[in-house]
Amino acid sequence: MSLPKSVRAYSSALGPVDCDAGTFHYDAVSGRLEWSDELYALHGYRRGEIVPTMELLYAHKHPDDRERCHDIFMAACEAGGFFCSYHRIIDARVREHRVLTGGEALVEDGRLVAVEGFIVDLTSTLHWETERAAREAVEGALGTRGTIEQAKGILMGILRIGSEAAFELLAQYSQDTNIKVASTAADLVRLANSPDQAALLDAFVQELRRRSEGQAETPADKQGVPSG
């Protein structure tokens with residue numbers, strides 16, 4: 001197996017932006033560890049500033065991940081074959097990186113010959129995905145709130161009631177039917193926006209009012225009323 005001088009890693013989340021990645025080669029016979037230029041940079045160095053060693057490599061592992069990384073590496077060295085580890089490293093500037101390390105341990109006649117592989121910095125990808133998830137959660141919450149506000153407005157206009165009373169109708173229906181308020185609101189808005197569903201809208205509104213008054217219809221009476 002030949003080790004490439006450089007490796008490129010891509011993140012579909014980040015579009016055309018590449019992930020930082022570097023390669024390493026450990027000669028078990030001589031004890032020599034070689035890093036690509038990218039791996040020096042990932043650990044906060046430039047080539048020539050330090051001599052990479054296994055001790056230095058482990059020193060940069062996050063203290064909480066160091067033992068696990070060592071166990072995975074040693075298991076690969078004993079049995080040979082491929083290994084992979086997701087963990088954290090702390091670079092020379094005390095910046096934390098989330099990385100994926102993958103490689104292969106070459107064992108011949110029960111003796112470790114070499115270990116070579118790559119390390120990919122996933123920090124930017126994980127930050128981007130976390131920000132996107134948070135943004136989507138906020139947008140979803142705002143969208144849900146907007147739908148509920150629209151439904152309240154519809155009830156206020158049809159029944160001539162206040163905002164709090166309109167929400168109580170939605171909440172009571174949700175409690176009785178075990179359907180989320182947002183789903184009930186969405187059904188109400190959908191019917192209100194469909195001119196040909198005026199009769200069903202009226203039936204739905206009356207159902208909400210009856211449930212609030214403790215006069216829920218029997219199943220036979222509820223034909224045509226949305227169920228969420």
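Since the structure is predicted, the reported quantities are computational estimates derived from the model, not experimental observations. This chain uses plain numbering: 1 for the first residue, then up along the sequence.
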Under 3.5 Å: donor-acceptor pair, side chain of [X], backbone of [Y]:
| X | Y | answer |
| --- | --- | --- |
| Arg66 | Tyr58 | yes |
| His60 | Ile90 | yes |
| Thr23 | Gly117 | no |

Taking side-chain contact (heavy atoms from CB on, under 4.5 Å) as the test, write out the residues that go with [X], two or more places apart.
| X | value |
| --- | --- |
| Thr123 | His97, Arg98, Asp121, His127 |
| Ile154 | Ile158, Leu188, Val189, Ala192 |
| Val29 | Asp27, Arg111 |

(request) Not counting sequence neighbours, which residues clear salt bridge (charged side-chain N to carboxylate O under 4.0 Å, His left out) with Asp71? List them please. (result) none

(message) Tell me every residue that passes salt bridge (charged side-chain N to carboxylate O under 4.0 Å, His left out) with Lys61, counting only those two or more places apart in sequence or in another chain.
(response) none

Decide if atom [atom1] of [X] counts as having more than 12 heavy atoms of other residues, nucleotides or ligands within a radius under 6.0 Å.
| X | atom1 | answer |
| --- | --- | --- |
| Arg32 | CZ | no |
| Glu67 | CD | no |
| Arg46 | CZ | no |
| Asp64 | CG | yes |
| Glu108 | CD | no |

Minimal non-hydrogen separation, [X] against [Y], with atom names:
| X | Y | answer |
| --- | --- | --- |
| Ile72 | Cys84 | CG2-O, 4.2 Å |
| Cys69 | His87 | SG-CG, 3.4 Å |
| Glu49 | Gly44 | OE1-O, 4.4 Å |
| Ala203 | Arg210 | O-NH2, 4.3 Å |
| Val107 | Ala76 | CG2-O, 4.5 Å |

Hey, could you give me the [atom1]/[atom2] distance between [X] and [Y], rounded to the nearest 0.5 Å?
| X | Y | atom1 | atom2 | result |
| --- | --- | --- | --- | --- |
| Trp35 | Leu42 | CH2 | CG | 8.5 Å |
| Leu57 | Phe24 | CG | CZ | 7.5 Å |
| Ser183 | Leu170 | OG | CG | 11.5 Å |
| Met156 | Glu164 | CE | CD | 11.0 Å |
| Tyr86 | Arg68 | OH | CZ | 9.5 Å |
| Leu112 | Leu106 | CG | CG | 8.0 Å |

(message) Between Asp187 and Tyr173, is the side-chain contact (heavy atoms from CB on, under 4.5 Å) condition met? List the steps.
(response) CA-CA 12 Å; Asp187 282 338; Tyr173 185 84; over 6 Å; no

(request) With side-chain contact (heavy atoms from CB on, under 4.5 Å) as the test, would you mind laying out the steps for Leu169 and Leu159 before giving the verdict? (result) CA-CA 11 Å; Leu169 292 181; Leu159 298 176; 3.5 Å; yes

(message) The criterion is ring-ring contact (aromatic ring centres under 6.0 Å, His included); which residues satisfy it with Phe73, sequence neighbours excluded?
(response) none

(request) Indicate yes or no: at least one non-hydrogen side-chain atom of Phe83 is less than 4.5 angstrom from one of Cys77. (result) no

(request) Apply side-chain contact (heavy atoms from CB on, under 4.5 Å) to the pair Leu33 and Thr53, showing each step before the final yes or no. (result) CA-CA 6 Å; Leu33 177 63; Thr53 64; 5.5 Å; no

(request) Could you tell me whether Glu207 and Arg211 have a side-chain N and a carboxylate O separated by less than 4.0 Å? (result) yes

(message) One pair to check against side-chain contact (heavy atoms from CB on, under 4.5 Å): Phe204 and Thr184. What are the steps and the verdict?
(response) CA-CA 10 Å; Phe204 194 14; Thr184 300; 3.9 Å; yes

